[in-house]
Student: 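Here's a structure for you.
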Amino acid sequence: MAAALIPSALLMSAIVAVRYLLSSGGFALATRVRKPGLYSGLRRQIGREIGWSMVAALIYGVPAGVVAWGWQAHGWTRIYSDVHAFPLWYLPLSVLLYLAAHDSWFYWTHRWMHQPRLFRIAHAVHHASRPPTAWAAMSFHPWEAVTGAIVIPLLVFLIPIHVAALGVVLTIMTVMGVSNHMGWEMFPRFMVHGWAGKWLITASHHQRHHDLYTCNYGLYFRVWDRLCGTDKGLGSFKGEKV
């Protein structure tokens with residue numbers, strides 16, 4: 001078993017690392033074009049962010065590798081490839097279920113890691129990015145990386161999802177994680193300040209978390225922050241209003 005699991009885990013770690021480099025690198029390039037000089041003087045910080053992210057990628061690859069091997073070799077998971085196995089309306093519903101479950105997990109573990117002792121041990125690594133950049137999305141201490149690495153692999157044993165829908169979930173997770181940290185708002189003002197912005201998290205909302213630390217803990221949705229009184233609205237970026 002180990003002979004099969006180790007290559008699978010290493011392959012998935014490599015995939016996570018490449019995905020991180022391409023997505024964060026792409027958004028960093030967009031930042032250079034749209035906001036020239038925004039990351040000036042942050043070379044050493046960005047180097048640390050990439051280093052921690054490579055460690056996190058290795059950690060994320062372990063449970064992902066187990067899931068990939070278990071799905072293909074033994075059919076352990078509830079991932080399915082036949083699009084007709086469930087009604088077509090279930091495809092978008094499954095994506096929403098995964099995002100809602102992931103957001104709930106993230107909110108409570110993230111809030112938990114802001115307790116002083118846990119913050120010093122683990123979460124301080126992520127907040128050492130001042131200001132965060134597009135490279136900070138996976139800049140986690142190994143203990144924090146573990147809490148993030150297990151949630152999707154656990155969900156595939158509980159909630160049925162088509163393999164393509166799972167790809168959509170992972171794409172949204174990657175884009176939201178990177179865009180929320182890049183130090184400027186890529187979405188139009190009418191969306192951020194409109195109905196959608198009241199419920200969806202963008203860079204403006206997450207920037208507030210990095211400014212104040214004790215609010216805006218969500219990942220995709222503002223629901224838990226609103227329910228628990230931790231939503232403190234939108235932040236602002238250096239040299240501009242949002």
Side-chain angles (χ1 to χ4, degrees), residues 13-61 106 109-110 113-114 116 118-149 171-189 192 197 200-220 232-242:
S13 294
I15 290 173
V16 173
V18 170
R19 185 185 69 185
Y20 160 77
L21 292 171
L22 290 176
S23 57
S24 289
F27 278 100
L29 179 60
T31 299
R32 178 177 292 185
V33 172
R34 291 289 305 276
K35 304 289 180 180
L38 186 63
Y39 295 165
S40 295
L42 300 179
R43 183 180 297 272
R44 292 182 64 182
Q45 175 185 306
I46 290 172
R48 291 194 301 269
E49 291 169 350
I50 294 174
W52 283 113
S53 296
M54 290 296 98
V55 175
L58 181 63
I59 293 170
Y60 270 72
F106 185 89
T109 55
H110 187 192
M113 281 186 289
H114 272 266
L118 290 172
F119 187 90
R120 290 194 301 272
I121 292 172
H123 196 47
V125 166
H126 184 66
H127 277 275
S129 296
R130 300 189 185 95
T133 76
W135 297 101
M138 283 185 61
S139 181
F140 302 135
H141 184 279
W143 286 119
E144 180 170 2
V146 169
T147 69
T171 300
I172 293 173
M173 178 180 73
T174 301
V175 171
M176 294 285 280
V178 178
S179 64
N180 286 350
H181 288 90
M182 62 185 179
W184 57 282
E185 184 60 75
M186 72 174 187
F187 293 103
R189 184 179 178 85
V192 176
L200 300 178
I201 291 173
T202 68
S204 300
H205 188 267
H206 195 66
Q207 181 66 32
R208 190 78 161 174
H209 172 75
H210 279 269
D211 289 340
L212 302 180
Y213 284 49
T214 57
C215 64
N216 297 17
Y217 297 107
L219 176 60
Y220 306 119
K232 301 301 180 184
L234 306 180
S236 59
F237 303 102
K238 182 175 66 174
E240 66 180 68
K241 295 181 179 180
V242 297

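Every heavy atom of this structure was used, including side-chain atoms; hydrogens, water molecules and symmetry mates were not. What you are looking at is a predicted structure, and each value in this text was computed from that prediction instead of being measured.
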Student: Which heavy atom of S204 sits nearest to which heavy atom of V192, and what is that distance?
Tutor: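 Taking S204 first and V192 second, the nearest heavy atoms are OG-CG1, 4.0 Å.
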
Student: Report yes if some heavy atom in the side chain of V146 is under 4.5 Å from a heavy atom in the side chain of I59; otherwise report no.
Tutor: yes

Student: Quick one: CD on Q45 to CD1 on I50, what's the gap to the nearest 0.5 Å?
Tutor: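 Result: 11.0 Å between the selected atoms.
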
Student: T202: which residues meet the side chain to side chain donor-acceptor pair (under 3.5 Å) condition with it, sequence neighbours left out?
Tutor: E185

Student: Over all heavy atoms of both residues, which pair between V178 and S24 is shortest? Give the atoms and the distance, please.
Tutor: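 Nearest pair, atom of V178 first, then S24: CG2-OG, 3.7 Å.
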
Student: First locate atom CZ of F106, then atom CE of M176, and finally report the distance between them rounded to the nearest 0.5 Å.
Tutor: 10.5 Å

Student: Partners of Y217 by ring pair (Phe, Tyr, Trp, His ring centres under 6.0 Å), sequence neighbours excluded?
Tutor: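 By the ring pair (Phe, Tyr, Trp, His ring centres under 6.0 Å) rule, Y217 matches Y107, H110, H114, H209.
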
Student: Test of understanding: with side chain to side chain donor-acceptor pair (under 3.5 Å), list the residues that count as partners of S13, not counting sequence neighbours.
Tutor: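 Once residues adjacent in sequence are excluded, S13 has no partner under the side chain to side chain donor-acceptor pair (under 3.5 Å) criterion.
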
Student: With heavy-atom distances below 4.5 Å as the criterion, would you say the side chains of L21 and M54 are in contact?
Tutor: yes

Student: Write down the atom of A145, the atom of F140, and the distance for their closest heavy-atom approach.
Tutor: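 Looking at all heavy atoms of both residues, the closest pair is N-CB, 4.0 Å.
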
Student: Do F27 and V175 have side chains that get closer than 4.5 Å, going by heavy atoms?
Tutor: yes

Student: Looking at H126 versus H141, is the centre-to-centre ring distance below 6.0 Å?
Tutor: no

Student: Please round to the nearest 0.5 Å and tell me the distance separating atom CE of M173 and atom CG of L219.
Tutor: 8.5 Å

Student: Could you pull out the closest heavy-atom pair between W143 and A122, with the gap in Å?
Tutor: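 Residues W143 and A122, closest heavy atoms: CB-CB, 4.2 Å.
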
Student: Show, in sequence, the C-alpha distance, side-chain angles and deciding distance for V125 and E144, and conclude whether the side-chain contact (heavy atoms from CB on, under 4.5 Å) test is met.
Tutor: CA-CA 9 Å; V125 166; E144 180 170 2; 5.9 Å; no

Student: What residues, two or more places apart in sequence or in another chain, satisfy side chain to side chain donor-acceptor pair (under 3.5 Å) together with R48?
Tutor: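 Side chain to side chain donor-acceptor pair (under 3.5 Å) check on R48 returns nothing, list empty.
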
Student: Could you list the residues that satisfy ring pair (Phe, Tyr, Trp, His ring centres under 6.0 Å) with Y220, not counting sequence neighbours?
Tutor: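 Checked Y220 against ring pair (Phe, Tyr, Trp, His ring centres under 6.0 Å); matches are H102.
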
Student: Go through the steps to decide whether Y60 and M138 satisfy the test side-chain contact (heavy atoms from CB on, under 4.5 Å), and finish with yes or no.
Tutor: CA-CA 10 Å; Y60 270 72; M138 283 185 61; 4.2 Å; yes

Student: Taking the side chain as everything from C-beta on, heavy atoms only, tell me whether H181 gets closer than 4.5 Å to H210.
Tutor: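 Contact flag for H181/H210 side chains = yes.
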
Student: Run the side chain to side chain donor-acceptor pair (under 3.5 Å) test against S53 and tell me which residues pass, sequence neighbours left out.
Tutor: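 Per chain and number, S53 pairs via side chain to side chain donor-acceptor pair (under 3.5 Å) with Y20.
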
Student: Sub-3.5 Å donor-acceptor pair from the side chain of S40 to the main-chain atoms of G37, do we have one?
Tutor: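 Yes, the answer is positive, given that a donor and an acceptor are paired below the 3.5 Å cut-off.
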
Student: Nearest 0.5 Å, please: how far is CZ in F187 from OG in S179?
Tutor: 5.0 Å

Student: Determine whether the side chains of E49 and T133 contain a donor N or O and an acceptor N or O closer than 3.5 Å.
Tutor: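 Yes, a side-chain donor-acceptor pair sits under 3.5 Å.
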
Student: Would you confirm whether R208, through its side chain, and K232, through its main-chain N or O, come within 3.5 Å as a donor-acceptor pair?
Tutor: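 Flag set: sc R208 to bb K232 pair under 3.5 Å.
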
Student: Working to the nearest 0.5 Å, report the span between NE2 of H127 and OH of Y213.
Tutor: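 Output value for this atom pair is 6.0 Å.
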
Student: Output the distance between atom CG (L234) and atom NE2 (H206), rounded to the nearest 0.5 Å.
Tutor: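 Separation between the atoms: 13.5 Å.
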
Student: Shortest non-hydrogen contact from P142 to W52?
Tutor: CD-CZ3, 3.6 Å

Student: Can you find a heavy atom in the side chain of Y39 that is under 4.5 Å from one in the side chain of P131?
Tutor: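 No, side chains not in contact.
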
